[in-house]
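What follows is a short report on a single structure.
Reckoned from all heavy atoms, side chains included, excluding hydrogens, waters and symmetry mates.
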Amino acid sequence: MTEPAHARPAASPDPRPVGRPIRLDDDVDLEPAPDVTTGTMELEERTSLRRVPGLTGASTELTDVTEVEYRQLRLERVVLIGVWTTGNAAMADASMVELARLAETAGSEVLDGLVQRRSSPDPATFVGSGKVAELKETVQATGADTVIADGELSPGQLRQLEEKLKVKVVDRTALILDIFAQHARSREGKAQVELAQLRYFLPRLRGWGESMSRQGGGAGGGAGGGVGTRGPGETKLETDRRRIHQRIAKLRRELEGMKTVRDTQRDRRRRRDVPAVAIAGYTNAGKSSLLNAITDAGVLVEDALFATLDPTTRRWETADGRVATLTDTVGFVRHLPHQLVEAFRSTLEEVGDADLIVHVVDGSDPAALDQIAAVREVIAEIGQDPEAPRPPSRGDDPQRALPTPPELLVVNKVDDADPMAIAQLRATLSGAVFVSARTGEGIDLLRRRIAEALPRPEVEVEVVLPYTEGALVARVHAEGEVLDERHVAEGTVLHARVSSELAAAVTEAAVPVPVP
């Protein structure tokens, strides 16, 4: 067990006199300290011991208060339940394995799992009455305190299961929302997660006991709360609903303001014609690792589902000097809750508005092709948003699918995958790039493929800029593609491809070259 900070022995003092210079024969470490990135610090914070509130003085296991305060958080003991409606048994098993990983990411200990084959989920209890009895026996035998369902439960199903099992019941949507709440770091991310949680819990509010008591005023004669408070009053359940609606409205206003800032930054990049690359893919496919390998971004990397929620944008320069931005986006998953898609709309629009989507696939996962289909389904759902500011692809119908950016498939983790599975993926996914972000295999090829897929400036200019326009020459190098450059007495001769806006500025500042 980790000792408290006040109980740790102090470090031994340096035997060398203070102020004496270090000599070569001193036994000291002259190696430079390793760079500590933001992602490293976030990972250390996420995995460190945390103080458990509410245990001091009320523990039934330990009498030493210090020992209680520095324990790690206790894991919930859960049993999984799923309904197999379509596909084969392997797909059902893969879905349950993914649910188990989600539960472990949320901080639970998975004890057992049950799957029932049905044509459709039971409208009353999600599973049949016989499976409910079997599930109750499993819960009692294992000592579980939570049941997690592999699907979204209706309020009625949730209530029926909890009444029959006598333990807490959580569905897949609530589980994913809980993971998002744990991993959100930025102000926008926390607001998006809270909005999704409130939208999910609003139809599932229940009242019992004192929660259903009515808060009304007196009958008159000066008693009670006065005018407007007489009568039966409203229940606490109704009060909670009203407060949730007010909180949702406030969060929407806050997110709208944050979206304005994000759109302004995106428009600024568009005006400068800086190509945008969005790194998308299934959760835990290695998107953050790939961003670190390409740009040395130093963002958080963890072997866990939904480890990264807040998008990270980094500047990247191609081998030929062009500048682009790479954005690491939130990971996708099968049956991603609609509440999350709506709440993270402004973040997910980074994918829809990109010039290129780098679609990262986990090559070591047996269901890699299913993951590709799930990611493309979410991207299509983003493009079908009727409130999106982007124009429709044809006609005036906003419900039509919007054109998605070009996609570059990248199969990651080839060093950890079965060679036969990689060979099958090579045969199936033509044009994909196979890399390993951990070992660096294929990263140089990926950089070249991304550079080739980036849009190039459309206007070709050949001008002479005076030496006083050094800032404009630097802008051409940063935003355009320089084909040739030489220096004459009058200034710098540039032959380059630039955007239409930059071409106008360059043409206006150019000077004529005297004919010899």
**Asked** side-chain hydrogen bond (donor to acceptor under 3.5 Å, both in side chains): which pairs involve residues 244-255, sequence neighbours left out?
**Response** Glu194-Arg247
**Message:** Under the rule for side chain to side chain donor-acceptor pair (under 3.5 Å), what residues qualify as partners of Lys168, not counting sequence neighbours?
**Reply:** Glu76
**Message:** Can you give me the closest heavy-atom contact between Leu454 and Pro275, atom names plus distance?
**Reply:** CD2-CB, 3.9 Å
**Asked** Would Asp112 and Thr138 count as having a side-chain donor-acceptor pair, cut-off 3.5 Å?
**Response** no
**Message:** Which residues pass the side chain to side chain donor-acceptor pair (under 3.5 Å) test with Arg241, not counting sequence neighbours?
**Reply:** none
**Item:** Partners passing side chain to side chain donor-acceptor pair (under 3.5 Å) against Asp365 (at least two apart in sequence or in another chain)
**Value:** Gln371
**Request:** Quick one: list whatever passes salt bridge (Lys or Arg N to Asp or Glu O under 4.0 Å) with Asp415, sequence neighbours left out.
**Result:** Arg438
**Message:** I'd like to know if the side chain of Thr313 pairs up with that of Thr325 as donor and acceptor (distance under 3.5 Å, no hydrogens or angles considered).
**Reply:** no
**Fill in**
For Glu441, the side-chain contact (heavy atoms from CB on, under 4.5 Å) test, sequence neighbours excluded, returns Val414, Ser436, Thr439
**Prompt:** Listed by chain and number, what are the side-chain contact (heavy atoms from CB on, under 4.5 Å) partners of Leu445, not counting sequence neighbours?
**Reply:** Val433, Arg448, Arg449
**Request:** Output every pair passing side-chain hydrogen bond (donor to acceptor under 3.5 Å, both in side chains) with a member in residues 421-435, not counting sequence neighbours, ordered by first then second residue.
**Result:** none
**Asked** Who are the side-chain contact (heavy atoms from CB on, under 4.5 Å) partners of Val115, not counting sequence neighbours?
**Response** Trp84, Met96
**Prompt:** Does a side-chain heavy-atom distance below 4.5 Å link Leu290 with Ile443?
**Reply:** yes
**Complete:** Those residues at least two apart in sequence (or on a different chain) that pass salt bridge (Lys or Arg N to Asp or Glu O under 4.0 Å) with Asp418 are none
**Asked** Does Ala417 have any side-chain contact (heavy atoms from CB on, under 4.5 Å) partners at least two apart in sequence or in another chain, and if so, which?
**Response** Ser364, Ile422
N/O donor-acceptor pairs under 3.5 Å from side chains in residues 125-132, not counting sequence neighbours:
from: Thr125; atom 1: OG1; to: Asp122; atom 2: OD2; distance (Å): 3.2
from: Thr125; atom 1: OG1; to: Val127; atom 2: O; distance (Å): 2.4
from: Lys131; atom 1: NZ; to: Glu134; atom 2: OE1; distance (Å): 3.2

**Message:** Looking at every non-hydrogen atom in both residues, tell me the closest pair between Asp171 and Leu153 and how far apart they are.
**Reply:** OD2-N, 3.0 Å
